[in-house]
Structure formats: C-alpha cells, structure tokens
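All residue numbers in this chain count up from 1 along the given sequence. Remember, predicted model here, so these are calculated numbers, not experimental data. Ligands are counted one by one from 1 in listed order, and the atoms in each one are counted from 1 as well.
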Amino acid sequence: MDERAWPEYNPQEIEPRWRKHWEESGLYLTQEGGDKPKYYCLDFFPYPSGDGLHVGHCRNYVPTDVLSRYHRMQGYNVLHPMGWDSFGEPTEQAAVAHGAQPRQTTDLNTANFRRQMTLIGASYDWRREIDSSRPEYYRWTQWFFLLLYRRGLAYRDSNYQWWCPICQTTLSSHEAAGGVCWRGHTGITKREIPAWYFKITAYADPLLEGLEHIDWPDSVKNIQRNWIGRSEGVEIHFPIAGSEQDIPVFTTRPDTLFGATFFVLAPEHPAVQALTGQDQRRSVETYVAEASRRSEIDRMAQMQPKTGVFTGGYVLNPLNWEPIPVWVADYVLPDYGSGAVMGVPAHDERDFEFAGANHLPVRVVIAEQGSVGEALEQAYTGSGVMVNSGEFDGLPNETGAERIVEELARRGAGHPAVNYRMRDWLISRQRYWGTPIPIVYCRDCGEVPLPEDQLPLVLPEMEDFTPDGSGRSPLARLPEFVNTTCPKCGGPAERETDTLGGFACSSWYFLRFTSPHYQEGPFEPEAMRYWMPVDLYMGGVEHAVLHLLYARFWTHVLADAGLAPFREPFPRLRNQGQMLAPDGQRMSKSRGNIITPDQMVEEVGADALRLYVMFMAPYDQDIAWNTEGINGTRRFLNRVWDLYARTYTISHEASEGESDPELERSLHQTIRQVGERIQELRLNTMVSALMEFSNQLLERYRTDRWHSQTYRQALDILMVLLAPAAPYIAEELWHLHGREGSVHQQPWPQWDAALAKEQVAQVAVQIDGKLREVIEAAVGADQASVQEQVYALPKIKQYLQGKQVIRAIYVPGRIFNIVTG
Ligand code: ANZ
Ligand code: ZN
C-alpha cells in the first residue's frame, strides 16, 4: 500500500463500525473460571436520570474502562459490569414530571444510558446488566431485609422522624443532614410516624475498625469516622434532690465535675415533668412546645443564643452533695448521650455562653498555667492544674480525671462510657416506587415476616401513585395489596405498605453482578467468592457516607452470617473529580451549560474525548471543560494516524535496518510508564507518555531516521499501548495492517529493565564555584529536571539556606552550577 492510498482518519466512520463489530463478536463478555487471576472493576451504581450522561460522567466511566481493558490485556478475567439503581424517588419524581409510569421512564432512560456508554467505548458486559426495580432483582433485596430482620437488625419503631413536605416521605438522619433533604428541599420537619430501621449502630465499632484496612481517600474515611462519631467518656449519675432517682449525663471531661454550676435537660427529656416546680410549670411547658418546632440543626448551631428556662428542681453533685439547679435548654440534644449535660461554663464554650445569657455562676476548676485568676472572657478548654475541686486540688487535670472516675465508680455513681453520634438507619419510605417490605401484620400473631418462598412480594401497578398527604404510602390505597392472609396462622392480615428507600438496593448490587441471573439466591456462592471483593471501586465524592457506609454494613452482616469470607466489599476506592462547565460552574440542565458525549463524539470522536478526559487533569481534581483541549487530543490522534499512514507499510517492507538504541530505551520506558500509570490511575501522565513517544517517532520520520528495525518494532507496540486509552483507533490501525484478531485481545507488551535503563552521567554540583555534591543524571535530561533533582538534595538545601539563588546553569552531562547572591 503506498502513502496516497491510505485513508484519512475519520472517527465518524471508524467508531460505529467497531462498536457494531465488538458487540457482535462478544468481545467484552466476561470469561469465568480457568486459572486466570480475576479483576473486578466497578463504577458506582447510577440512577438512570432522564438527562442522560454529560461529559462529566466520562471522568468516572473512562478511567474504569481503561483499567478494565488494561487488565484484560494483562491476562486477567475482568468483571466490568453496569446496571441501574432505578428504584427510589428520583425516578418516581421524574415519572410524575412527565406524566408517565416509573417503569416506562426507567426503561427509556436506561436505554439512553446504555447507548451513550457504548458510544464512548465503555467495555461493559451487557449480558450482566441489572436493574434494581425488576422483581428478579428486588426479590433478593427483600431476602436481605429478612436476613437483617432474623438477625435482629431490622425493627419497626414509632418515633419523631425527619419528614420532607415536598417528597412527602420520611428521611434518614443521613439524608436530612444539613437541614435540607438529600434532594435539596428546605423546610424539612419532624413528624411522628412509625417506620422501619436497620440497626447500623450495632456495627459502629466494626465499621470504624474496618476503615483501618482499606485503601480509600483519607477524606472519605474521615467523613465516615466523624459520622460514626465515637466518643469515649464517662457516664456520671446525678441524684435528684429529694428523690431516690438519679439522672445520668455523658461527659468527656469528668475532671471538671466540681465546676458544674448548672445542669441542663433537653426539652424532650423524660425527667423534665418530674423536676418542674409548680411556679415554673407554665414557662417550662411553653419553652418545650417551642423547642419541638425548631429543627435539630438550628439547635446545634454555635451562633444560636442559648435560650432556656429554670425548672425549679435540683440535682446533687455526687462527690460533694452540692445542689445544682436544673434547667431545660434546647442546645442539649435529646438523642445524644443521655439527653442531659452537666453545665461547666468555665471550661465548655456552649455552657459559657449559656451561663452568660442566664446569669449563672462561672467557677474555674482547671487553672491555666500562668493565669492569675481574673474573670474569664471565654471558656478555658485546655489542660492545667485542678483547683476548687476539694481533695483533687493540685493534681494535673488528666490525673484528676482518673481519680474522679475511680471515686465515682467506688460510690456506684459513674463508669466509663462510649457514645456514638451515628443513629440507626431509617429505611422505610411512604412512597410507591421502591421495594415492598416483606412484612404482614396479623391480629393474632403480630408482626410476621414473609417466608422466603413467598418472595418476590411484587410491587403492584398503580395508575395514580402520588402521595395523598396522609403520611401513608400510596400502596395503602390498594385493598388487594394490603389485605392478605397471615403466613403463620392463615388468618386475615394486612401488609406493610411502606417501601424500602433506594439505598437498600445499592447496598448489595455489587454482589449480584457476580452471578446476575442466579435464581436460587441473591448470588451464586462460588461466583461471589471468586469475584469479590471489588478490586477497584470508583465514583463521585458525594457518596462518602450514605451508600458507602450502608454497603459496608450489609457486607459486615453477611460476613457475620457466614455468607461472605470478607468484611469489606471495596478494598480500593477512588473518587473522580468533578467536571465543571467551561464557565467554571457546575454542569446542569437548568444552567444550560451541559456538554454531552454525543456532541463530542459527533465532532471529534470518542477516542479524542476519552484522551481529553484523562489528559485534562489528574483524575481526582475538579476541572472545567475546555474545547480547545479536546481539539488538542484530536490533533494528537491525527498525528498518530499520519505516523502509520506514512511509514508503517514502508518500514515493514524495508529490509532489516540497523537498531536505534535511544529509541529502544524510550520504547521500553514507555511500555513501563503506560502500564504503571494506568494501574496507579495517573492517567493524565499516561496519555502524555503516549504523546511524547509518538512525537519521538514523528521526529525520526521528519529527520529520515525511520529505517531502523527498532522504529518498526515501536510502531507495532504503540498500537497495543494505545488500545486501553483509545480503543477505536488502535483497533483500526491493527486491522489496516492486516493483523489477526482484535488488538484488545493482545497480551500487554513486556518491557525489559536493562533496555529501559537510562544512561546516566556524573554531574558535579557546584555552589559559587565550590564542589558540593556529585549526582547521577539521565543523559539527555533537561535543565529543569536536573534542577529539580539537585534542589531536592538535603545537603544542597542546607547550603542554600538563607541564600538567594541568582543564577543556575547546567552544562549537560557535566556540571550544575549555582550562583548565589
Ligand atoms: C461536661 C463538660 C465539661 C463537657 C467541659 C465538655 C467540656 P463529644 O466529644 O462530642 O462526645 N454533651 C453530652 N451530651 C450532650 C447532648 N445530649 N447535647 C449536647 N451536648 C452534650 O462531646 C461530649 C460533650 O458534649 C460532653 O462533655 C457534654 O459536655 C456534651 F469542660 O460534659 B461535656
Ligand atoms: Zn397470624
């Protein structure tokens, strides 16, 4: 083939052709069994929104695809599946907005997602697609509910719940964090509604402990740690004056006990009634009624004035019997610790503020070193020597704390205690579009779980599934669903009408992918043990607690039930950065700044899009889209194409030319770099390694040094190295050269350490004419890289301390000269 006969690079023609071919030949179907090692590469479970994908999603789906392709070429069995988190409110609301049924909306949207994902070359095995709103799937979500139920980890309770008046459903405290519902609605309130909970608090310690053994971003681990909020302290019992009873408080500062000048109950505390005196009754009742209307978030805020009222009652300091006045104030939360605190204004900021607002005495019991005992302007929260604390005076406060706890224990008035900020997970929703809860209520037997052989409990079709404001699920309006017989006694019974929130579905889907069509259980045990745990899990930062905590919880439960030989489902987690619009704003439909993969594939091709998404920034950084940038990666692909068009055929016809040691070294270095960088997700520099190497080849061509055997070998290998990142062009080049099979089924090229080794030179480092160090630098390294190497040397750093570098000159391969002033 001569140069002129070579076709133009035309991704619009190449890409659809290969898409079709790959699908027909089943190129990406997962292989199982054999003795290959496995690699399970998973994206977060997307909910199929009507907007479809924008280019931001490519920052998730392109990297995982590149890793999957790379591992296949490395000889792994790769599981790279995709499915839909289609139950839950987003889908239901979208259906309402379009006047459609959620089933139709889901099917329409998933078809579009699938098309777009295929467009960008994502190599999912679509035979394994799952959809959480289909009975074949949610049957097993119900199975998990029953597993948790049997293990005492699912229970129904009537309590004050977060309620979103717009979604018309209860929210878990996780979803209500920050005072807005997780979908962004403000005005959430508390409402007393019976609801189902999962007892995630029983797993607080294992969930904390597990974080120590997994490779996750520290920021995500810390968010989970804070969410669980383990706090070690002491429970102290304060006797009520004139009563046999006492009230416990949780404190992390037992050393400040003698500084407790008041005592505060949360307005909801059950002892408020009993402690309130005749004269205070009206003011206390008014205060309590008002507090219940304010949200927990307002109450926690540091800036709130500390309101409260005196109850007229007293408790006694358990060590010296000093009477302490009891107040009711809403800065004390009902569901943390015991819902009561000892107020120590001298050493706690909020107590200090409260004392100031209510003219309560402040008594210093920990003396700050060097303080002369003047009035405090703010609470002193540091350490020091104990004062005003009876027999404990003069002790360092850490020792004092231990002594006080011993003394309390001796008198039976206190003991060490651990508290958690995390609450149980509220999972029931008074909504239609979710997994029905497999529980019935029988007049005689009470709450009865459905036997497993009655699963799936199918979600009935409903013409009008909008909530009616009753606080009950729309399913309650269907007598044919509600009325049933008791599985235990056969008598009349009613079904639970709440459904499970969407987070239930996503708490186990990664297990389903290991055997998506298995009928006898949620997963085929062998397949699950083969594929799990997930080797790389990737998705957005927004799931730091909700999904990522729940999924860990279910897996821990599964392990304790003897059904999984591991506790942590995701040993390696990575979060991709956000893609912002060119204007630096978040991409959103309402701003009208969305860029779709469809547009980009149309304009420059999927390969250029993939390369740009990787090249633009480290994968975990937020960055704005830049159209000039994608033109750059398209030009790179044009150059690669040209390279092959101009020289490939000829170089193969050419007789054995001589070798090119310098090119050979770069070739082996490039193989190494591309592989390592893919594994480490350093995808931007992976692309630059491909670019640099291609440029080097082009340079050989321009300067007529392309007749070597090395050059020809380099072209053979470059196609293969391009395959994970730019699968279409790599495949096309492969076939244009009459190669057999698919480039994607080629083994990853080996690199040779000896050949990759840089030739090094001894470089003398001089400062102001004096020899200070000799280093080894790569032959051909430029001044900038040698300078970086030199300035990083501790010895050189020391010499340069306090001096100013005026000039640095590199004489390649010989001397690095620094002149200071
Ligand atoms: C007395 C004291 C003195 C406290 C002092 C602190 C400093 P963490 O670390 O978050 O666990 N507390 C206990 N229960 C509370 C509730 N239901 N609502 C609001 N605050 C509550 O915090 C433990 C501290 O938070 C406890 O220690 C208690 O105040 C307060 F110099 O007790 B401390
Ligand atoms: Zn019964």
Side-chain angles (χ1 to χ4, degrees), residues 160 173 201 204 208 222 225-238 247-272 288 291 294-302 304 306-308 315 317-319 322 324 326-356 360-368 376 378-389 392 396-398 400-401 404-405 408 413-423:
Y160 278 92
S173 58
T201 51
L208 263 183
N222 282 334
R225 283 193 191 106
N226 291 337
W227 188 267
I228 297 168
R230 185 177 202 275
S231 175
E232 281 182 23
V234 180
E235 187 173 290
I236 302 180
H237 295 255
F238 285 76
I247 306 179
V249 301
F250 174 74
T251 178
T252 46
R253 295 292 305 273
D255 52 322
T256 64
L257 175 55
F258 289 82
T261 54
F262 57 93
F263 191 94
V264 192
L265 300 175
E268 295 83 351
H269 197 288
V272 170
V288 169
R294 296 174 58 195
S295 82
E296 203 166 313
I297 286 88
D298 293 344
R299 287 166 58 174
M300 273 299 278
Q302 293 282 332
Q304 285 292 315
K306 299 286 184 260
T307 63
V315 292
N317 183 320
L319 291 189
E322 179 189 6
I324 303 173
V326 179
W327 287 63
V328 176
D330 66 5
Y331 77 98
V332 175
L333 304 175
D335 55 4
Y336 188 67
S338 65
V341 303
M342 62 179 200
V344 184
H347 305 292
D348 180 273
E349 275 151 27
R350 284 177 303 162
D351 294 346
F352 185 82
E353 213 183 310
F354 186 76
L360 292 160
V362 177
R363 184 191 304 147
V364 172
V365 291
I366 312 290
E368 182 175 5
L376 291 174
Q378 60 182 59
Y380 175 63
T381 57
S383 51
V385 171
M386 299 198 30
V387 295
N388 295 323
S389 298
F392 304 96
N397 69 307
E398 291 84 4
I404 285 181
V405 177
L408 288 168
H415 54 84
V418 178
N419 238 303
Y420 300 89
R421 207 156 282 280
M422 180 166 69
R423 297 285 152 256

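Every atom of ligand 1 is numbered from 1 in the order shown, and the set under 4.0 Å from a heavy atom of S231 is 8 (P), 9 (O), 11 (O). Near R350, meaning under 4.0 Å from any of its heavy atoms, are these atoms of ligand 1: 20 (N). Listed by number with element, the atoms of ligand 1 under 4.0 angstrom from any heavy atom of T251 are 1 (C), 2 (C), 4 (C), 26 (C), 27 (O), 32 (O), 33 (B). Close contacts of ligand 1 with V332, meaning ligand atoms under 4.0 Å from a residue heavy atom, involve 16 (C), 17 (N), 18 (N), 19 (C).
In this structure, N419 falls outside the shell of residues with a heavy atom less than 4.0 angstrom from ligand 1.
Inter-residue side-chain proximity for R253 and I366 is flagged as met; some heavy-atom pair is nearer than 4.5 Å. You'll find the side chain of M342 reaches within 4.5 Å of the side chain of L257, heavy atoms only.
The side chain of V341, and not its backbone, has at least one atom closer than 4.0 Å to an atom of ligand 1 (non-hydrogen atoms only; side chain from C-beta on). Residue contacts with ligand 1, taken as heavy atom pairs separated by less than 4.0 Å, involve T252 via backbone and side-chain atoms alike. Only side-chain heavy atoms of R421 come within less than 4.0 Å of ligand 1; its backbone N, CA, C and O stay farther off.
By the 30° and 60° cut-offs, the orientation of the rings of F250 relative to Y336 is perpendicular. Taking the six-membered ring where the residue is Trp, Y380 and H347 present perpendicular rings, their angle passing 60° and hence far from 30°.
Annotation: Y336 places an N or O atom under 3.5 Å from an N or O atom of ligand 1; distance criterion only.
Rounding to the nearest 0.5 angstrom, the gap separating the CG atom in D330 from the OG1 atom in T307 is 4.0 Å.
Under the 4.0 Å criterion applied to side-chain N and carboxylate O atoms, E322 and R363 are assigned as salt-bridge partners.
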